[in-house]
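These notes are about the structure you will find just below.
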Protein chains: 2
Amino acid sequence: MNKLVIYGVGLIGGSFARALKAAGAVRHVVGIDRSEASVRRALELGIIDEAATEPESEAAAIRGADLVVLATPVAQTGRILQGLLPHLDAHTIVTDCGSTKADVVAAARAVLGGRIGQFVPGHPIAGRETNGPDAAIADLYIGKKFVVTALAENAPEAVERVTGAWRACGAIIHRLAPEEHDKVFASVSHLPHLLAYALVDDIAGKPHAGLLFQYAASGFRDFTRIAGSSPEMWRDISLANQAALLAELDAYMAQLVHLRERLAAGDGATLEAVYGNAQRARRQWIETIEAAEAPAPKDTAE
Amino acid sequence: MNKLVIYGVGLIGGSFARALKAAGAVRHVVGIDRSEASVRRALELGIIDEAATEPESEAAAIRGADLVVLATPVAQTGRILQGLLPHLDAHTIVTDCGSTKADVVAAARAVLGGRIGQFVPGHPIAGRETNGPDAAIADLYIGKKFVVTALAENAPEAVERVTGAWRACGAIIHRLAPEEHDKVFASVSHLPHLLAYALVDDIAGKPHAGLLFQYAASGFRDFTRIAGSSPEMWRDISLANQAALLAELDAYMAQLVHLRERLAAGDGATLEAVYGNAQRARRQWIETIEAAEAPAPKDTAE
């Protein structure tokens, strides 16, 4: 493509730009970020070719763009779309990278109205514990999933422009409806984050917290790793995916009430059955992942 | 010491024997295990010098031992002590490696009666995801904690024989009362295990489990790593530490009820405060660990 515009030049947006450049899939990249230092750094690092820091340069950047990518916190989606709509050419496609989709789609519909077909929502399943332009790397998305939650209004070519770009970054394309996406990630990502935060906060609030942390070992470290994530980002995700997250939390709390009752009754057989079922399911899942990650068997004729 | 007897020649017992041999701190090691294949393998690997597989050889092994270590599931403590008591010399000290202590002490008191002073309960805080004699390594305990939960009846020399051996393995000695130990580990180890098992079992039981596991990523993998542990062992630990575990579970469930109510109310400020507090507490903990693990600054005169 000729011109790509990125809102947010940190880990997610910056890595997308680096990967497309490495693949020779983009000619010119313009970066926009609420942090001036980040845009300057992204320019220095060669992640972007041009910085648009003023409203006038933002308008000029949007005009004629092939693809506009929002790699910003989901709560900013509506405001950013409002800013770019007056300058949006009919051929330009806009996409996003948000961890929640139903709320992003609702915000986009409210702002874009009849032009919603130009917005193709998506979510790359990749991340690291670092952030900012310096964290951006060209191979972040290789072998990772990109979930496109296409809308009925999206033309096949619009969807293809987005998925084609992610494919060029090395990502594997998956398709889910926005609501389905949010239910899945409430279960395997948003709920675990809430649970890990809750446990560390619970322990930190006890009078003997210092003694407890002194004996916490590697199992605790892994279990709570996700509680090291950004509180602001996870506050936004929790609220954006409130309904699905509440449903998952309720199911989990019902499971805990059941286990508590069995533990109080000294029912070792049920505890072992639940633990054993979890161990088996997890082992099967890991084996599936490892089989998918293993290199394909070599052609015997080679 | 002259003679060491180990019940259980797997990861924990085998590594203890290997470490003492590497330190030149033991002359002769006898191994006892309910699995004959394990004792044979431990003998082959040079972890033990002698295998005691029959009641007669077990009796002979116990007689004259300086130290007897139980590295077996906690539920077997009473039965093993019953078997060795008739052959126990007055100078022999018995210790254990169990993850729970109040139940082990109760079982030992019930069996040993007036000779309880010869039993010094302990818990080495180390482990790996592998098991059996082949997993045993000499440096498993280097820099790890050994918690001794000494009893009022233990003579200082009895405690020193146990802690001295663990110090020779490279462990750092900590002291807690048995009940204190159990509360601490209910909080930072037993509860996290139950929570991880509960989550994976909950997800595995959903009709769309396959879809969910397909999108589970590295955060989920770390969060649930401890759900890969032995269900039998964790059933025993859960039951052995029932009271402390129930208390921790109740505190955690109260925390979840509070967070659920705040999430339902759309109270982003409270969510962010809880998440932020957890992130800060965890970061502080990691920094403390890393400072403790960092090599001491070099002498400038070097």
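Order of the sequence lines sets the chain letters (A, B, ...), proteins ahead of strands, with each chain counted from 1. Please read these numbers as outputs of a predicted model, since none were measured by experiment.
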For chain A, find which of [options] contributes the most heavy-atom pairs closer than 4.5 angstrom.
| options | result |
| --- | --- |
| B:Leu263, B:Asn277, B:Ile286 | B:Leu263 |
| B:Ala126, B:Gly268, B:Gly219 | B:Gly268 |
| B:Ala251, B:Ala209, B:Ser230 | B:Ala251 |
| B:Gln255, B:Arg280, B:Glu232, B:Lys144 | B:Gln255 |

If you count heavy-atom pairs within less than 4.5 Å of chain B, which of [options] leads?
| options | value |
| --- | --- |
| A:Ala269, A:Ala278, A:Ala273 | A:Ala278 |
| A:Met253, A:Arg283, A:His258, A:Gln284 | A:Met253 |
| A:Leu271, A:Thr270, A:Leu239 | A:Leu239 |

Cut-off 4.5 Å, heavy atoms of chain A, and the answer for B:Val147 is side chain
What part of B:Asp236 is in contact with chain A, defined as an atom under 4.5 angstrom from a non-hydrogen atom: side chain, backbone, both or neither? neither
If you draw a 6.0 Å radius around NZ in B:Lys183, do more than 12 non-hydrogen atoms from other residues or ligands fall strictly inside?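 Atom NZ in B:Lys183 is not crowded, with 12 or fewer foreign heavy atoms closer than 6.0 Å.
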Start with the C-alpha gap between A:Ile226 and B:Phe223, add the side-chain angles, then the distance that decides, and say whether side-chain contact (heavy atoms from CB on, under 4.5 Å) holds. CA-CA 8 Å; A:Ile226 49 181; B:Phe223 185 78; 3.9 Å; yes
With chain B as the partner chain, list the residues of residues 194-204 of chain A whose heavy atoms fall under 4.5 Å from it, by residue number, and write 'none' if nothing qualifies. A:Leu194, A:Leu195, A:Ala196, A:Tyr197, A:Ala198, A:Leu199, A:Val200, A:Asp201, A:Asp202, A:Ile203, A:Ala204
Less than 4.5 Å to any heavy atom of chain B: does that hold for the side chain of A:Ser189, its backbone, both, or neither? neither
Are [X] and [Y] close enough that some pair of their side-chain heavy atoms sits under 4.5 Å apart?
| X | Y | answer |
| --- | --- | --- |
| B:Glu180 | A:His208 | no |
| B:Leu256 | A:Leu256 | yes |
| B:Leu249 | A:Leu259 | no |

Which heavy atom of [X] sits nearest to which heavy atom of [Y], and what is that distance?
| X | Y | value |
| --- | --- | --- |
| A:Ile125 | B:Ala217 | CG2-CB, 4.2 Å |
| A:Val184 | B:Leu212 | CA-CD2, 3.7 Å |
| A:Trp285 | B:Thr224 | CZ3-OG1, 4.3 Å |

Using side-chain contact (heavy atoms from CB on, under 4.5 Å) as the criterion, list what pairs up with B:Ser218, not counting sequence neighbours. A:Arg225
Run the side-chain contact (heavy atoms from CB on, under 4.5 Å) check on B:His174 and A:Tyr215 step by step: do they pass? CA-CA 10 Å; B:His174 286 245; A:Tyr215 290 98; 2.9 Å; yes
Backbone N or O of [Y] within a donor-acceptor pair of the [X] side chain at under 3.5 Å?
| X | Y | answer |
| --- | --- | --- |
| A:Arg282 | B:Arg221 | yes |
| A:Lys145 | B:Gln214 | yes |
| A:Gln279 | B:Ala227 | no |

